[in-house]
Every structure is written in structure tokens, then in C-alpha cells.
Amino acid sequence: MRALPSAPVEKVIVTYKSQAAEAGSNTAAKSDTAEKAAKTGETLSFERRLAGGGALVDLGDSATKQDVTEVMDAFRADPSVASVEPDIRAYAMAVAPNDTDYAKQWDLFEPTGGMNVPAAWDKTTGSGVTVAVIDTGYAAHSDLATNIVSGYDFISTSADARDGNGRDADPKDEGDWNATDGECGTGSRASNSSWHGTHVAGTIGAVTNNTKGIAGIAYNAKIQPIRVLGKCGGSSADIADAITWASGGSVPGAPANANPARVINLSLGGASATCPSVYQTAINGAVSRGTTVVVAAGNSNANASGFTPANCSNVINVASTSREGNRSYYSNFGTNIDVAAPGGETRRATDTPGTVTTPENGIYSTLNSGTTTQSAENYKPYQGTSMAAPHIAGLAALLKSAKSTLTPAEIETAIKANARPLPGTCTGGCGTGIADTAKTVDAVTGTTTPPTGTVFTNATNVTISDNTTVSSSIAVTGRTGNAPAALKVGVDIKHTWRGDLVIDLVAPDGTVRNLKASSSSDSADNVVATYTVDASSEVANGTWKLQVRDVASGDTGYIDSWNLTF
């Protein structure tokens with residue numbers, strides 16, 4: 001992680017002992033500040049009283065470390081001072097990772113076409129979740145290696161596998177090149193190896209903050225490479241068995257999966273008017289075991305209903321968007337699209353097919369430089385719904401890591417419900433919009449601030465006498481389900497020494513949540529504040545109470561009003 005900046009101290013916080021005049025009188029605190037200024041020769045000013053009772057004293061922006069030390073020593077030497085401390089700076093901890101090519105990953109962070117990923121990393125990074133990449137296998141890459149767990153090669157035909165045998169425990173990508181046109185059927189073209197599975201894997205789980213390459217979306221998740229695509233693609237029988245095995249199901253002839261995946265990425269597909277039963281059976285089995293299945297919609301600029309497994313049920317079907325937030329020119333569309341994610345455009349729709357004219361607008365990820373067999377590792381931009389799907393698989397891993405009890409259906413619902421509308425255009429249907437990582441993570445972890453809703457108020461005054469406990473009630477009705485995870489409790493209490501007060505919120509079932517503790521040094525008047533509490537475990541309807549206890553003598557007051565916002 002990058003080092004925090006070093007900022008100069010310009011202010012100090014002085015807390016006076018409770019019996020000192022300066023503890024309750026701003027005038028006295030100002031006078032004491034002037035005395036300390038004269039004693040140290042520094043220019044000091046009393047700025048304001050803090051909510052906790054401390055006095056904020058400003059030294060000015062030209063103060064040196066020695067100046068600050070002298071001022072603090074002067075206050076510490078005063079017997080009426082309980083403590084003095086510097087007013088230090090704090091910084092957002094969700095900083096950009098130090099991966100050298102992170103700036104090329106617009107798909108993670110740009111506000112227009114990106115997926116708002118970095119803002120979620122302070123809550124979840126995918127720890128404890130395995131994501132199966134059912135694809136071409138794995139080309140060794142140092143930006144992935146520590147996140148790779150044992151997978152399997154499910155290609156049953158040795159000629160297609162190119163490894164001299166059928167199925168085995170080695171998911172090494174042996175290359176999916178075709179030497180001549182027509183080799184893989186009428187209309188097929190000669191092509192180099194794609195190292196497709198390794199590119200997909202990098203988007204999901206590339207090692208992050210390692211001062212090299214790229215950042216993965218769920219960078220503390222584990223990637224399980226499962227090989228099903230070789231020479232001339234892969235068979236539905238092999239792919240179905242891979243889905244079953246990845247999710248912890250039993251496959252004849254294959255050993256049990258020691259690391260069952262909770263998310264499966266299928267960046268593959270073919271033309272089919274219906275979902276083959278072999279796919280649907282395998283997918284249903286995976287979902288029943290708690291595994292979320294993510295699929296690419298396809299790259300034919302056509303209705304996804306004609307492509308499989310995009311037309312299967314129980315999957316999250318993902319369309320592709322461009323850097324500008326439009327549906328990518330090649331992306332399939334339709335009513336069965338669930339959500340969209342960045343898939344990029346390494347060329348414009350009108351550019352010559354096969355060319356790369358806008359590499360900066362593609363999805364940059366881990367790859368290999370070999371034209372047929374593996375050579376040196378590298379990175380390149382690709383485009384496709386194959387690149388969009390792993391964005392959603394990575395998000396699913398973040399969600400499952402943040403809240404392990406989430407079911408595949410709940411993960412899908414959360415992703416769709418928290419997507420944002422495409423800033424560009426989508427003809428034909430792109431689901432609920434572009435997935436928003438941080439918003440979705442916040443939603444499932446209960447950290448979102450709910451919109452202002454119904455406000456329930458009690459404005460009847462309740463007297464607070466010395467050393468007594470009183471309460472004021474609000475009857476909440478007409479709500480459904482539980483209270484919010486960020487319930488707002490507005491409090492207006494008149495009291496001449498608020499440090500005497502302990503304030504609690506009492507739920508209908510009697511559960512007590514403390515809002516404010518007592519403090520002998522807090523001599524300020526009144527409590528006017530809004531507190532936020534996690535009340536998501538409580539039924540909303542019922543009688544809620546604000547309970548106030550006065551723990552000292554000499555100062556009294558009353559509850560003026562209070563409210564709850566649901």
C-alpha cells in the first residue's frame with residue numbers, strides 16, 4: 001500500500017479538567033489561549049469548542065514542529081489541563097492500488113463506463129471465495145500465480161486437448177490455435193491461440209498491490225482454472241461436467257473437487273434456439289449447491305435468446321458495454337439479458353474486422369505472448385462479452401465474501417437492483433444497466449444510507465431530574481419488515497451540562513442501543529444531534545423509546561423532542 005502523506009500540524013485540541021472554568025466557558029478558554037500565546041511567543045487563537053468538550057486552538061499555517069511542541073508543553077504544564085493533543089490529518093484508505101498498469105483499467109474506476117470497483121475494496125476483496133473459470137485453461141502468469149488453486153482438464157478428446165490424453169488434473173492451456181481455414185468446420189478461419197481463460201482470470205483475480213501489472217476485481221479470491229476449450233472449441237458434454245465438478249458435484253472418473261467454487265464464470269457459448277438439457281441440468285445442480293453461474297451473452301449483435309448457455313435459466317446473463325457507456329457494437333441483447341458490464345471496444349464498429357484501432361478502450365488483462373504454444377507472459381486489451389462476464393463474476397465473489405449467507409438468487413437480485421442506467425444507448429435490451437460494485441456491496445452489507453422516508457416524532461416535553469432515568473415513546477406503525485440498517489435517531493434535549501446524560505434507544509423487543517455515554521468533561525449545553533444505528537435485526541413496527549439517564553447532580557433539563565426516520 002502507498003505511504004500516507006505527512007501533513008504539518010496547525011491546531012491542537014486542549015481538554016480542561018471538569019472543575020476548571022475553561023472547561024465550560026469559551027471566554028475563559030479564549031483568555032487562557034491568550035496567556036499561552038504570550039508565554040510561548042506564538043500566535044494562538046481559540047477557534048471553537050468541540051462536541052466532546054475540548055477547545056480547538058489554532059497555531060496558524062506557519063507553525064513548525066518546534067512551535068507545536070512548545071505550545072503543547074505550555075498547556076500540559078497547566079494544572080487545569082487534562083490533556084492536549086495535535087489535530088492530525090486522516091485520509092481515505094480506499095486508495096488506488098500500486099499495480100503499474102492500473103491506470104489502463106478504466107473499466108474498474110471511470111465514472112462513465114466503469115463499474116465503481118475501488119470504492120468497495122474497503123469492505124470486501126473476495127477473501128474466502130473460489131471462482132471457477134471454465135475456459136481454455138491457465139497460461140502461467142506471475143500476476144495470477146498466488147491466487148490459483150488446483151483445477152481440472154475436462155477435454156475428453158486428446159486431439160482437441162493437445163496434451164496427448166483425455167481428461168486429467170492439469171488445466172494447463174495447451175493453446176486453441178487453428179492452423180488452416182476450415183479446420184474446425186465450414187467458415188472457420190485459421191487463428192492463433194487466444195489464452196482466453198487467462199485473460200478472463202486476470203479481470204477477476206489478478207494479484208493486486210504487488211507493484212506490477214493489473215488489479216483484479218476480487219483480488220483476494222482464488223481462481224480455479226477448468227479447461228473445456230481446446231482445438232475447435234469445446235463440447236457441451238465436457239462443459240456440463242465441468243460445471244458440476246466446479247460446484248462440488250460428483251463427476252464419474254474425476255476426483256472430488258477439493259476447492260468447490262461459489263462462483264462460476266462461463267465466457268463461452270454457441271448458437272442454439274434453446275438451452276440444452278445437459279447445460280440446464282448442470283446449472284441447476286450448481287445453483288442448488290450454492291454456486292452463482294455467470295455467462296457471457298455472446299458477440300453476434302443479435303438476440304441472446306439464440307445463444308447458449310446465455311439462454312439458460314438460473315444464470316446471470318451479461319451484455320457488454322463500451323468505455324462511453326453504450327452497448328458494445330458486437331454485444332448480444334434481449335429480454336433475457338440480466339445486467340451489463342464493461343467489455344470494451346478495441347476497434348469501432350466501422351473499423352476493419354480483426355484490427356485493433358482503439359486498444360485503450362479494451363479490457364486490459366493478463367495474457368501470454370505465444371502464437372500457438374505458451375511463451376512469455378504479457379498483458380493485452382481484449383473486447384467481448386467474454387470480458388464483461390468476469391466483471392460480474394468478480395462482483396459476485398465480492399458479495400459472497402462480504403456476506404457468506406447470500407444465495408445465488410440473492411446475489412443476482414442485488415446486482416440487478418443496484419445497477420445504474422447506461423449513460424449511453426442500448427438498442428434491444430441490456431438488462432437493468434451497468435453493474436455498480438460499491439453500491440451493490442453496500443446494499444448487501446447494510447451500509448447504504450436509505451433515502452429519507454417516514455419520520456415519526458414525539459415532541460412532548462419530558463423532565464429530566466438529577467440522578468433519574470426517564471423515557472419518551474414513539475409508536476411506529478404502517479411499516480413492513482425490519483427497521484433500517486442505518487436508522488436515523490434525531491434528538492433535541494435541553495440540559496445545562498450534557499456530559500451528565502446517558503442516552504439510549506430501546507427497541508420494541510427491549511434491546512438497548514447506546515447513543516451517547518456520559519462525560520465529566522463535557523460541560524456544554526444541550527444535546528442536538530442525529531445518531532445512526534444498525535436496527536436491521538429489529539421489527540420496524542412497535543413502540544420505540546428514547547431513554548435518558550442523568551448520572552449527576554446540579555444540572556437538569558428535559559427531552560424537548562426526538563424522532564425516528566424509516
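Keep in mind that this is a model prediction, so the values were computed, not measured. Heavy-atom basis, side chains included; hydrogens, waters and symmetry copies ignored.
- Side chain to side chain, T445 and K403 fail the donor-acceptor criterion of an N or O pair below 3.5 Å.
- The backbone N or O of N326 sits less than 3.5 Å from a side-chain atom of S322, completing a donor-acceptor pair.
- Here Y219 and W121 bring their ring centres to under 6.0 angstrom of each other.
- A distance of 12.0 Å separates OH of Y364 from OG1 of T203, quoted to the nearest 0.5 Å.
- Looking at every heavy atom in both residues, I434 comes nearest to G114 through CG2-O, 4.0 Å.
- Partner of Q105 under the side chain to side chain contact (heavy atoms under 4.5 Å, CB included) criterion, chosen from I217, I363, I214: I214.
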Checking side chain to side chain contact (heavy atoms under 4.5 Å, CB included) for the pair Y102/L108: CA distance, chi angles, key distance, verdict?
-> CA-CA 9 Å; Y102 175 71; L108 302 192; 4.1 Å; yes
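- A donor-acceptor pair shorter than 3.5 Å can be found between the side chains of N311 and T308.
- With rounding to the nearest 0.5 Å, the separation of CZ in F307 from OG in S272 is 10.0 Å.
- Checking Y329 against Q383 by side-chain atom types alone, a donor-acceptor pair falls below 3.5 Å.
- For the residue pair N314 and N284, a side-chain donor N or O sits within less than 3.5 Å of a side-chain acceptor on the partner.
- No hydrogens or angles considered: nothing links the side chains of S369 and E377 as a donor-acceptor pair under 3.5 Å.
- In this structure, a donor-acceptor pair under 3.5 Å is absent between the side chains of T366 and H199.
- Taking the side chain as every heavy atom from C-beta outward, S247 and P260 never approach each other to under 4.5 Å.
- A pairwise comparison of heavy atoms in I337 and A297 identifies CD1-CB, 3.5 Å as the closest pair.
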Hey, mind stepping through D436 and N418 against side chain to side chain donor-acceptor pair (under 3.5 Å) and telling me if it holds?
-> CA-CA 6 Å; D436 187 306; N418 291 284; over 6 Å; no
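- Annotation: side chain of S250 is not in contact with side chain of T244 (no heavy-atom distance under 4.5 Å).
- Atom CD1 in I223 sits 6.0 Å away from atom CD1 in I148 (nearest 0.5 Å).
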Check the pair D238 / S236 against side chain to side chain donor-acceptor pair (under 3.5 Å), numbers first and verdict last.
-> CA-CA 5 Å; D238 288 345; S236 59; over 6 Å; no
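- Using a 3.5 Å distance cut-off with no hydrogens or angles, the side chains of N332 and R327 do not pair a donor with an acceptor.
- Taking 4.0 Å as the cut-off between side-chain N and carboxylate O, R167 and D153 do not count as a salt-bridged pair.
- When atom types are taken as modelled, the side chain of R162 and the backbone of G230 share no donor-acceptor pair closer than 3.5 angstrom.
- No hydrogens or angles considered: a donor-acceptor pair under 3.5 Å links the side chains of T357 and D351.
- With salt bridges taken as basic N to acidic carboxylate O contacts below 4.0 Å, none links D101 and K212.
- Ring-centre distance between Y379 and H141: below the 6.0 Å cut-off.
- Shown here for F333 and G428, the closest heavy-atom pair between the two residues is CD1-CA, 3.7 Å.
- Side-chain atoms of D338 and N317 form no donor-acceptor pair, as typed in the model, at a separation below 3.5 Å.
- To the nearest 0.5 Å, atoms CD1 (I239) and CG (D135) are separated by 9.5 Å.
- If you check the side chains of S320 and S331, you find no donor sitting under 3.5 Å from an acceptor.
- Defined by atom type and a distance below 3.5 Å, a donor-acceptor pair is present between the side-chain atoms of N257 and Q224.
- Side chains of T125 and N220: a donor-acceptor N/O pair is present below 3.5 angstrom, by distance only.
- E412 and K400 are not joined by a salt bridge, as no carboxylate oxygen comes within less than 4.0 angstrom of a charged side-chain nitrogen.
- Counting heavy atoms from C-beta on, the side chains of I264 and I243 come closer than 4.5 Å.
- Atom CD in E360 sits 10.5 Å away from atom CH2 in W106 (nearest 0.5 Å).
- The pair D160-K231 does not count as a salt bridge, with every side-chain nitrogen at least 4.0 angstrom from each carboxylate oxygen.
- Residues H391 and D107 have side chains in contact (heavy-atom distance under 4.5 Å, counting atoms from C-beta outward).
- Distance CD/E174 to CG/D163: 5.5 Å, rounded to 0.5 Å.
- The shortest non-hydrogen separation linking A304 to N336 is CB-OD1, 3.4 Å.
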Could you check S386 against H196 for side chain to side chain donor-acceptor pair (under 3.5 Å), going step by step and ending with a plain yes or no?
-> CA-CA 9 Å; S386 282; H196 189 273; 3.0 Å; yes
Just do the side chain to side chain contact (heavy atoms under 4.5 Å, CB included) check on T346 and N361 with the steps written out, would you?
-> CA-CA 6 Å; T346 58; N361 294 338; over 6 Å; no
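- Taking 4.5 Å as the limit, every side-chain heavy atom of I411 sits out of range of all side-chain heavy atoms of T407.
- A donor-acceptor contact under 3.5 angstrom links the side chains of N210 and D143, judged on distance only.
- Of the N and O atoms on the side chains of N541 and T477, not one donor lies less than 3.5 Å from an acceptor on the other residue.
- Using modelled atom types and a 3.5 Å distance limit, the side chains of T112 and E110 yield no donor-acceptor pair.
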Can you list the steps and then say if R347 with T358 is a side chain to side chain donor-acceptor pair (under 3.5 Å)?
-> CA-CA 5 Å; R347 69 174 179 88; T358 54; over 6 Å; no
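- Pairing each heavy atom of N209 with each of D99, the nearest pair is N-OD1, 2.8 Å.
- Here the closest non-hydrogen pair linking A215 and T208 is CA-OG1, 3.3 Å.
- Here the side chain of N192 pairs no donor or acceptor atom with the backbone of W177 at under 3.5 angstrom.
- The side chain to side chain contact (heavy atoms under 4.5 Å, CB included) with T437 is formed by just one residue from the set I415, V117, I392; it is V117.
- At least one side-chain heavy atom of F154 sits less than 4.5 Å from a side-chain heavy atom of D241.
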Worked verdict on N301 versus Y330 for side chain to side chain contact (heavy atoms under 4.5 Å, CB included) | CA-CA 5 Å; N301 188 26; Y330 53 78; 5.5 Å; no
Checking side chain to side chain contact (heavy atoms under 4.5 Å, CB included) for the pair N147/L144: CA distance, chi angles, key distance, verdict?
-> CA-CA 6 Å; N147 282 344; L144 279 167; 5.6 Å; no
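- Using a cutoff of 4.0 Å between basic side-chain nitrogens and carboxylate oxygens, E538 and R513 are scored as salt-bridged.
- Side chain to side chain, T136 and D176 fail the donor-acceptor criterion of an N or O pair below 3.5 Å.
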